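Scroll down for the structure; my scribbles are underneath it.
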Amino acid sequence: HIDSPPIDEKKGYEAFEFVRDQLARVPFVLVRTHKIDVFGRYVADLFYSFTEKDPAKIFSTGRYLNQELLDKGLARLV
């Protein structure tokens with residue numbers, strides 16, 4: 001339940017770059033979807049790890065992209 005600015009805005013492009021740079025370094029990501037929003041986009045939580053390959057461990061101890069975007073000021077809670 002976060003929202004980042006559009007990619008054509010400075011903060012939106014920064015969010016894009018952060019996500020691109022983080023996910024380019026991982027072998028796979030885990031996506032947990034909840035629903036589709038009013039714009040037809042999936043609402044999802046995204047977890048990943050640079051080293052862990054066990055999905056259960058990634059869900060419990062991996063990195064949580066949604067929170068990282070909030071912490072860096074690249075998204076806001078909705």
Side-chain angles (χ1 to χ4, degrees):
H1 300 147
I2 63 170
D3 186 42
S4 289
I7 198 167
D8 61 349
E9 294 180 12
K10 184 177 187 283
K11 282 289 188 188
Y13 194 75
E14 287 177 33
F16 162 77
E17 288 183 312
F18 175 75
V19 171
R20 179 198 63 205
D21 294 346
Q22 291 298 95
L23 300 186
R25 303 175 354 186
V26 300
F28 66 93
V29 298
L30 297 173
V31 179
R32 180 175 55 194
T33 62
H34 303 283
K35 63 180 180 176
I36 296 176
D37 70 9
V38 297
F39 300 106
R41 302 174 299 191
Y42 285 100
V43 177
D45 296 308
L46 198 141
F47 302 88
Y48 66 101
S49 173
F50 296 120
T51 57
E52 184 59 59
K53 295 194 184 335
D54 178 1
K57 288 183 181 176
I58 293 172
F59 271 128
S60 64
T61 62
R63 300 177 74 128
Y64 181 38
L65 184 66
N66 304 49
Q67 187 62 52
E68 290 178 319
L69 288 166
L70 290 170
D71 293 346
K72 293 186 172 298
L74 299 173
R76 64 182 176 85
L77 285 173
V78 291

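Because the structure is a prediction, the values reported are computed rather than measured. What you see below is based on every heavy atom in this structure, not just the backbone, and it leaves out hydrogens, waters and symmetry mates.
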*Does a donor on one side chain and an acceptor on the other come within less than 3.5 Å for His34 and Asp45?*
yes

_Test log, rule salt bridge (charged side-chain N to carboxylate O under 4.0 Å, His left out), inputs Lys72 and Glu68_ = CA-CA 6 Å; Lys72 293 186 172 298; Glu68 290 178 319; over 6 Å; no

*In chain order, what residues pass the ring pair (Phe, Tyr, Trp, His ring centres under 6.0 Å) check against Phe28, with sequence neighbours excluded?*
none

*Parallel, tilted or perpendicular: which describes the rings of Tyr64 and Phe47, with under 30° parallel and over 60° perpendicular?*
parallel

*Transitive ILVMFWY cluster of Phe18 at side-chain heavy atoms under 4.5 Å: who else is in it?*
Ile2, Val19, Leu23, Val26, Val29, Val31, Leu46, Tyr48, Phe50, Leu65, Leu69, Leu70, Leu74, Leu77

*Would you call Lys53 and Pro27 a side-chain contact if the rule is heavy atoms closer than 4.5 Å?*
yes

*asked:* So, taking the atom named OG1 in Thr51 and the one named NZ in Lys57, what distance separates them when rounded to the nearest 0.5 Å?
replied: 10.0 Å

*asked:* Tell me every residue that passes salt bridge (charged side-chain N to carboxylate O under 4.0 Å, His left out) with Lys35, counting only those two or more places apart in sequence or in another chain.
replied: none

*Does any N or O in the side chain of Glu52 come within less than 3.5 Å of the main-chain N or O of Asp54, such that one atom is a donor and the other an acceptor?*
yes

*How many angstroms lie between OH in Tyr42 and CD1 in Ile36, if you round to the nearest 0.5 Å?*
4.5 Å

*Which distance, rounded to the nearest 0.5 Å, do you find between the CD1 of Ile7 and the OH of Tyr13?*
7.0 Å

*If you round to the nearest 0.5 Å, how far is CZ of Phe59 from CG of Leu30?*
4.5 Å

